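Here the structure comes first, spelled out in structure tokens, and everything after it is commentary.
Hydrogens, waters and symmetry mates play no part in the numbers below; they use all other heavy atoms, side chains included. Start at 1 with the first residue, then count along the sequence. This one's a predicted model, so the numbers in the text were calculated from it and none came from an experiment.
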Amino acid sequence: MADESLAYTFRPFLKKGTNRDLFNHIYFQGDTVCFSVRASRPVAKSAVRAWFVDPESGRRFPAERLDVEGKRISGFSLVGSLLGSFFEGIRDKPAPKGHLNGVSVPFELIVTMADESGEHSASVKSSFVIRYAIMNESKVDGRP
């Protein structure tokens with residue numbers, strides 16, 4: 001990960017619902033937290049693992065996508081998936097209007113590679129910020 005300024009702008013969640021509904025709303029907009037690591041030599045995909053870690057709880061969540069091409073290891077997780085995992089304790093609580101707007105969500109990305117000499121790892125600490133686009137109310141419901 002080279003760009004640590006991860007700010008995502010989503011259509012606002014205008015329905016009444018739970019945080020799970022909010023996380024799904026964000027999930028289906030499809031934005032991802034992506035990463036890419038270059039190993040010193042080609043690596044087998046079966047020898048690579050990647051996790052997003054919630055620094056507050058210490059819980060690890062495997063990257064949703066992991067690709068290995070020669071020395072390049074890349075992957076991602078959807079922002080909505082990370083929110084659902086990191087904020088598991090509030091998933092079923094009501095989502096207040098504008099919930100998480102401007103909130104910085106810290107995480108650590110850990111990538112491990114195993115070979116005949118042992119396990120090697122790389123990690124980076126970062127965060128992403130959620131913002132909601134300002135929309136004209138009349139365009140939200142499809143009217144001009």
**Item:** Aromatic plane relationship, Phe128 with Tyr8 - under 30° parallel, 30 to 60° tilted, over 60° perpendicular
**Value:**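 Geometry flag for Phe128 against Tyr8: perpendicular rings.
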
**Message:** Ignoring hydrogens, what is the shortest heavy-atom contact between Pro94 and Asn19? Give both atom names and the distance.
**Reply:** O-ND2, 3.7 Å

**Request:** Return the minimal non-hydrogen interatomic distance between Ala63 and Phe35, and the atom names on each side.
**Result:** CB-CE2, 3.9 Å

**Message:** More than 12 heavy atoms of other residues, nucleotides or ligands under 6.0 Å from CD of Glu119: yes or no?
**Reply:** yes

**Message:** Can you confirm whether more than 12 heavy atoms, excluding those of Arg65, are under 6.0 Å from its CZ atom?
**Reply:** no

Which pairs of donor and acceptor atoms, one on a side chain in residues 47-58, lie under 3.5 Å apart (sequence neighbours left out)?
| residue | atom | partner | partner atom | Å |
| --- | --- | --- | --- | --- |
| Arg49 | NH1 | Ser46 | O | 3.4 |
| Asp54 | OD1 | Glu56 | N | 3.0 |
| Asp54 | OD2 | Ser57 | OG | 3.1 |
| Ser57 | OG | Arg59 | N | 3.1 |
| Ser57 | OG | Arg59 | NE | 3.2 |

For the backbone of [Y] and the side chain of [X], can you confirm whether one donor and one acceptor N or O come within less than 3.5 Å of each other?
| X | Y | value |
| --- | --- | --- |
| Ser77 | Glu64 | yes |
| Thr18 | Arg20 | yes |
| Lys45 | Leu66 | yes |
| Glu108 | Ser123 | no |
| His25 | Leu14 | no |

Which value, rounded to the nearest 0.5 Å, describes the distance between [X] atom [atom1] and [Y] atom [atom2]?
| X | Y | atom1 | atom2 | answer |
| --- | --- | --- | --- | --- |
| Ile134 | Arg11 | CD1 | CZ | 16.0 Å |
| Lys93 | Phe87 | NZ | CZ | 12.5 Å |
| Asp31 | Ile130 | CG | CD1 | 8.5 Å |
| Met113 | Lys71 | CE | NZ | 13.0 Å |
| Asp21 | Lys15 | CG | NZ | 7.5 Å |
| Phe28 | Leu78 | CZ | CG | 9.5 Å |

Are [Y] and [X] connected into the same hydrophobic cluster when the rule is that any two of I, L, V, M, F, W, Y join if their side-chain heavy atoms are below 4.5 Å apart?
| X | Y | result |
| --- | --- | --- |
| Phe107 | Val129 | no |
| Ile90 | Phe86 | yes |
| Phe23 | Phe76 | no |

**Request:** Quickly, which of Leu83, Leu6, Val33, Val79 forms a side chain to side chain contact (heavy atoms under 4.5 Å, CB included) with Val105? Name it, please.
**Result:** Leu83

**Message:** Using side chain to side chain contact (heavy atoms under 4.5 Å, CB included), reason through Asn101 and Phe10 one step at a time and then give a plain yes or no.
**Reply:** CA-CA 10 Å; Asn101 190 28; Phe10 298 101; over 6 Å; no

